[in-house]
Structure formats: structure tokens, C-alpha cells
S.K.: 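One structure, as C-alpha cells, below. Some questions next.
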Amino acid sequence: MYAKTKGIVLMGLDSEIITVEVDIAAGLPCFEIVGLPTAAVREAKERVRAAIRNAGFEFPMRRIVINLAPADIRKDGSGLDLAMAMGILLAAHAFKLKKVEAQRFIEESLFIGELSLEGYIKGVNGGLAMAMGARAKGVTTLYTAPSMGCEIKSGFDGEVVIANTLADLVNMVTGRVPRAFAVKGVVSNEASRALPDFKDVQGQVIAKKALEIAAAGGHHVLLSGSPGAGKTMLARAMPSILPPLTDEEQLTISQIYSVAGLLPATGLVQHRPFRSPHHTITLAGMAGGGSVPKPGELTLSHGGVLFLDEAPEFSRSVLEVLRQPLEEGLIHIARARGNYAFPCRFILLMAMNPCPCGWYHSGDGHICTCTPWQRENYRRRLSGPLLDRLDMVIEVARPKYEEFCGHTKQETSATIRERVIQARQFQAWRLQQKGIIETVLNSELTHAQLIATCELSSMAEAMLAQVFQRLQVSIRSYDKILRVARTIADLKESTTIQADYVAEALSYRMN
């Protein structure tokens, strides 16, 4: 007796449809799973056996062999439980279908879910990513657990049938009870979330302006200042001035969080991520890791902000792994079973003290107790190539008493956010005039695109030439200065980069 069903497994953020072939033959009772299963898949034998019995069906006491095709792909996770159980029931003729119905059922249906020993269907991580992969491969019907229904429906256009137990699912397939369908969750870009507001940050005019520029152009910033100056508060308020997520961004970020098992109950991520890992994080935690790699902090920050507080305290390997993602917006992880690419296009904010004790040149009466060697060694924890990839370095001074306790009205994040949105719209319009249709920020432009889309005044061009020659800046640093100047011009809705904009960009770069 032979039958086959379909399941799906994750391969990084992508997925692969697995054909579950079941053969039940005469012989001594045994249950074998072949096709490069991992330990998690091999352990499904006991779950499937108990679930079938406790769902009220007779488990066939014969020789059962399940092949997971294609056999050259290693299968991981517990999401194939449901497909294997349905394949066994079909092969054992535990329920009957007409031939035409059975063929259509096999060809068009996909099963996703883990089974409990009692026969209940449970959800697994990565449902949204699996649904998007199934949609791309032409699947029309998905069967899964109720806990995954909303998530899967968010990325799948076909029917998503949900069932609490294996017995309920069989009754739905045979038509004994009507099928229950999952509904897509209601998603709003403007869902409420408590965020620090820029109006609560007293003073810090230069730092606020720099972060506004960073939000408009997607630039990376290093905040340097003594303890208590407000670096962390500024960084945590950054998401409040970023534009809302587009539908495409919501789906992409939600796919990442689905694979990581962090997707909210609403079905989709509705806010730009803000990730702030502790300085003790490992390389695998930052970049992603595992035999089947899972997203790390770099990928979980995609579309949002990655904040590294006390940046010099992070290990050297963790800091250096930032270099490729900052340039390409991707991180590549190689494993024996294949290479995986994870998106990680984010705004990097780093904060550091000027020295280990934090009071070097603080100007507020505190005395620095560090030696010159300690200060130099502390700064060198951030390598030159990494610093070269940052667009702006901002000195954050402690606010004066008048600024801290004054009643000067500060701009709200909502006001700044409107300017950021307008700047990005102007940026998109300007690039379209130059024939660049895809939506990219100034920080994402290639060198050729940057040169082609930046119109410089004669004074601005002369200033940049002088900087390049006298300060011996690298080509990357030259591009960074030009990108920031271009964003400053976009905030002022100017198609031409003036000398004033270059000078302001230099002031942020040369601290």
C-alpha cells in the first residue's frame, strides 16, 4: 500500500516542499524514516504513532517506510509530523476518498504542523516563511493548526484549513464536517506602541539633527560622550522618527521573525524593529547560527535600528562581523548543507564613552583617571575599517542645567518624522528623475549611482576636492560625506548640493 502527501521545511528564510512517500508492506512491524532526516524528524515516529492511536485510528502493525523526497536535502524540525501521519492513514486506507478526489487532494494540499501524543495539532516556527514558499510553488490548500492560521493566511492567498486534532482534520478531508478556514489578521501601520519621544530629550540639538539626517538617509551613527549625557535615550527614541512600514516591509520583517519564533500574535510585525543586544552576545547570536542557521540580531534588525550600547565592550569578532552587512545589506552563512543569505539592511547606532572611566574632556568637573595608553587602547577596540563604514560621529555633551531644567519647548518626534517622510519622498522622486526606479535610500546607493545622482555646486565640488586631497580620506569616506550631504539637501528639498551642506556633513564626520 502506497500513498504520498506534501510537507515543507525551512532552508534559512526560504523553504522547500517535501514529498512524503509512505509505503506499508507485509513483514515484521517496523517504522523507518529515510531521506536525510535530523534527530527531530526521526523522533516523529513515536509522536505520529501515539497521535494516530489516540485519535481513534488503528496504527498498522506492518513494515512502514517513509521517504522524504528530495532525499539529498536534510530535513529538520517537527513540522512534517502532520504530513507523515496523513500519509500513513491514506496508505492504510483508514479513511476513504474517491480516486479523483484523492489525486486532487494529494496534488494540491500541503500539511504543516507538529503532533502531540494525544493527537492535537500544534504550531511550529516559520509558518509565514513556509506559507510564502508554498504560494510561490503553486500550492492552493494548506492544512495546519489553529494557532498558525492567522500567521499563515497573512502570506498565503489560497485556502488555509485549520483543525484542532488529527481526527478533526480527517473528518474535514472526508467531508463529514465542514472545513474551518483561517482568516487574515487585521494589520495597521499605526498600531499604538509606547516609544521614547524626542521632546523628552532636553538640549542635544546637534545630536537630534544628526539622527534626523540618519533617519532620512539610512545612515550609520556613532554617539560618543560621557555617562549620563543622553546617548541611550537618543538612540531609543530613534524608531519614533522613522516612517511607518510599507506592506512589503511588514511581510519581509514578519517572515524573519516567523523563522525566529518571535512573530506577534497579531500575525505581522507592525513596527520597525529596535534591537539592543547586550555586549556579552556571541558571534552566532549576532550573525545567526546553528546547523540550520537561524536569524541573528543583524537580521532581526532588518528594516529598523540596531543599537550597540557601550560598543567597545563588544568582542572584536562580533564588531568585525558588522563590516559586510553595513556594505551589502546581507549576511552570508556557510554550512555543510549549503549557503544561506539573510537580509540585514538596518540603521546602526553605536554609543561609547570617550575613555574607560568616561570622564575624559567631560568639562563638568569630573577628573579622568585613565592613562593615555588606556584611552588609546579603548578607542582602538573599534577598528579603522569599521569606523570607516560609519557615516557620522557625534559628540554628545552633557546638557547644561538651564537646558535640563528649562521650559524650552522641544520638537516632538511626530514633527521630525514628517520631515523625514518628506525627505524620503523627495529622495525617491529625485532618483526616478535619474532613471533609478527601485526605492533605495542614499546610504544604499552604489558609488556609480551616487556620482550620477549628486549635483554639486562649484563651491561644494571645490570643498570636496580639497578635503579629499588634504585629509587623505579613503574613497569610502568620500562617499560617506557625499551621501550625508545629499541627505541634508533632500531634507531641504534641494536638487543641488551646496557648500553649506558639505560643510555640515564634514562636521558630523570629522569629530
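Atom set for the values below is all heavy atoms of this structure, side chains included, hydrogens, waters and symmetry mates excluded. Because the structure is predicted, anything quoted here is derived from the model rather than measured.
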S.K.: Set out, in order, the CA-CA distance, both residues' side-chain angles and the distance that settles side chain to side chain contact (heavy atoms under 4.5 Å, CB included) for Arg486 and Leu445, then state yes or no.
M.R.: CA-CA 11 Å; Arg486 180 63 266 174; Leu445 293 172; 5.8 Å; no
S.K.: Could you go through the side chain to side chain contact (heavy atoms under 4.5 Å, CB included) check for Gln410 and Asp200 one step at a time?
M.R.: CA-CA 7 Å; Gln410 305 291 329; Asp200 299 324; over 6 Å; no
S.K.: Where do Thr495 and Glu455 land on the side chain to side chain donor-acceptor pair (under 3.5 Å) test, with the steps shown first?
M.R.: CA-CA 7 Å; Thr495 55; Glu455 299 177 10; 4.5 Å; no
S.K.: Do the side chains of Tyr508 and Asp391 get nearer than 4.5 Å, heavy atoms only?
M.R.: no
S.K.: Nearest 0.5 Å, what's the CG-OH distance between Leu128 and Tyr257?
M.R.: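 Leu128 CG to Tyr257 OH: 13.5 Å, rounded to 0.5 Å.
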S.K.: For the residue pair Ala260 and Leu300, what are the closest heavy atoms and their distance?
M.R.: CB-CD2, 3.9 Å
S.K.: Just say parallel, tilted or perpendicular for the rings of Phe426 and Trp429, cut-offs at 30° and 60°.
M.R.: tilted
S.K.: Should we say atom CD1 of Ile17 is surrounded by more than 12 heavy atoms from elsewhere, each under 6.0 Å from it?
M.R.: yes
S.K.: Quick one: does any side-chain atom of Glu493 pair with a main-chain N or O of Gln422 as donor and acceptor, under 3.5 Å?
M.R.: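 A pair under 3.5 Å: no.
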S.K.: Looking at side-chain heavy atoms only, is the closest gap between Ser240 and Asp197 below 4.5 Å?
M.R.: no
S.K.: Report yes or no: does Lys75 contribute a side-chain atom to a donor-acceptor pair with the main-chain N or O of Val9 at less than 3.5 Å?
M.R.: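 Flag not set: sc Lys75 to bb Val9 has no pair under 3.5 Å.
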S.K.: Closer than 3.5 angstrom, by distance alone: can the side chain of Asp81 be matched with the main-chain N or O of Ala44 as a donor-acceptor pair?
M.R.: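 Absent.
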S.K.: Keeping the roles fixed (side chain from Lys208, backbone from Phe198), state whether a donor-acceptor pair exists under 3.5 Å.
M.R.: yes
S.K.: Counting only N and O atoms by type, is there a donor-acceptor contact under 3.5 Å from the side chain of Arg389 to the main-chain atoms of Arg323?
M.R.: yes
S.K.: Checking Gln374 against Tyr378 for the side chain to side chain donor-acceptor pair (under 3.5 Å) test, could you report, in this order, the C-alpha distance in whole Å, the side-chain angles of both residues, the deciding distance, and whether it holds?
M.R.: CA-CA 6 Å; Gln374 287 176 320; Tyr378 182 75; over 6 Å; no
S.K.: Can you confirm whether Glu504 sits close enough to Ile213 that some side-chain heavy atom of one is under 4.5 Å from a side-chain heavy atom of the other?
M.R.: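 With C-beta onward as the side chain, the pair touches.
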S.K.: Could you check whether any side-chain N or O of Lys231 sits under 3.5 Å from a backbone N or O of Gly225, counting only pairs where one atom can act as donor and the other as acceptor?
M.R.: yes
S.K.: Could you give the distance from CZ (Phe314) to CE (Met286), rounded to the nearest 0.5 Å?
M.R.: 5.5 Å
S.K.: Is Glu313 salt-bridged to Arg381, going by a charged N under 4.0 Å from an acidic O?
M.R.: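 Salt bridge: yes.
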S.K.: Do side-chain atoms of Ser258 reach the backbone of Leu263 as a donor and acceptor pair under 3.5 angstrom?
M.R.: no
S.K.: Might you point out which heavy atoms bring Arg380 and Arg316 nearest each other, and give the distance in Å?
M.R.: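 Shortest heavy-atom contact: O-NH1, 3.2 Å.
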S.K.: Within this structure, what is the CG-CZ distance for the pair Asp490 and Arg430, rounded to the nearest 0.5 Å?
M.R.: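 It comes to 4.0 Å.
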S.K.: If we ignore hydrogens and angles and just use 3.5 Å, is the side chain of Arg272 paired with the main-chain N or O of Gly303 as donor and acceptor?
M.R.: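 Pair found, side chain donor or acceptor close to backbone of Gly303.
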S.K.: Rounded to the nearest 0.5 Å, what separation is found between the OG atom of Ser474 and the CG atom of Asp479?
M.R.: 8.5 Å
S.K.: Nearest heavy-atom pair of Ala207 and Leu234: which atoms, and what distance?
M.R.: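 Shortest heavy-atom separation between Ala207 and Leu234 comes out as CB-CD1, 3.6 Å.
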S.K.: Check the surroundings of atom CD in Glu327: do more than 12 heavy atoms from other residues, nucleotides or ligands lie under 6.0 Å from it?
M.R.: yes
S.K.: What distance do Glu444 atom CD and His219 atom NE2 have between them, rounded to the nearest 0.5 Å?
M.R.: 10.5 Å
S.K.: Can you tell me if Thr144 uses its side chain to pair, donor with acceptor, with the backbone of Gly113 under 3.5 Å?
M.R.: no
S.K.: Would you say the side chain of Ile18 lies within less than 4.5 Å of the side chain of Pro70, judging by non-hydrogen atoms?
M.R.: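 Contact flag for Pro70/Ile18 side chains = yes.
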S.K.: Who are the ring pair (Phe, Tyr, Trp, His ring centres under 6.0 Å) partners of Tyr478, not counting sequence neighbours?
M.R.: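 Counting only residues at least two positions away or on another chain, Tyr478 forms a ring pair (Phe, Tyr, Trp, His ring centres under 6.0 Å) with Phe468.
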S.K.: Do you know which two heavy atoms are closest between Ser15 and Ala129, and how far apart they sit?
M.R.: OG-O, 3.7 Å
S.K.: So Glu310 and Asn353, side chain to side chain contact (heavy atoms under 4.5 Å, CB included) or not? Walk me through it.
M.R.: CA-CA 7 Å; Glu310 304 296 341; Asn353 296 326; 3.4 Å; yes
S.K.: Could you tell me whether Lys199 atom NZ has more than 12 heavy atoms of other residues or ligands within 6.0 Å of it?
M.R.: no
S.K.: Is it the case that the side chain of Gln204 and the backbone of Ala229 share a donor-acceptor pair, with hydrogens and angles ignored and the cut-off at 3.5 Å?
M.R.: yes
S.K.: Go through Ile256 and Val269 one step at a time and tell me if the side chain to side chain contact (heavy atoms under 4.5 Å, CB included) criterion holds.
M.R.: CA-CA 10 Å; Ile256 294 168; Val269 174; over 6 Å; no
S.K.: Between His302 and Pro295, is any pair of side-chain heavy atoms under 4.5 Å apart?
M.R.: no
S.K.: Considering residues at least two apart in sequence or located in another chain, which fulfil the side-chain hydrogen bond (donor to acceptor under 3.5 Å, both in side chains) criterion with Thr412?
M.R.: Thr415
S.K.: Could you grab the distance from atom CZ of Arg424 to atom CG of Asn442, nearest 0.5 Å is fine?
M.R.: 10.0 Å
S.K.: State, to 0.1 Å, how close Ala216 and Thr487 come at their nearest heavy-atom pair, and which atoms those are.
M.R.: CB-CG2, 3.7 Å
S.K.: Considering all heavy atoms of both residues, which atom of Met392 and which atom of Ala210 are nearest to each other, and what is their separation?
M.R.: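 Closest approach of Met392 to Ala210: CE-O, 3.3 Å.
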S.K.: Hey, does Leu319 have a side-chain heavy atom less than 4.5 Å from the side chain of Met350?
M.R.: yes
S.K.: Just so I know, are the side chains of Leu506 and Met463 near enough to count as touching, which here means a heavy-atom distance under 4.5 Å?
M.R.: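 The answer is yes; the side chains approach within 4.5 Å.
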S.K.: Would you mind reporting whether Leu268 and Leu251 have side-chain heavy atoms less than 4.5 Å apart?
M.R.: yes
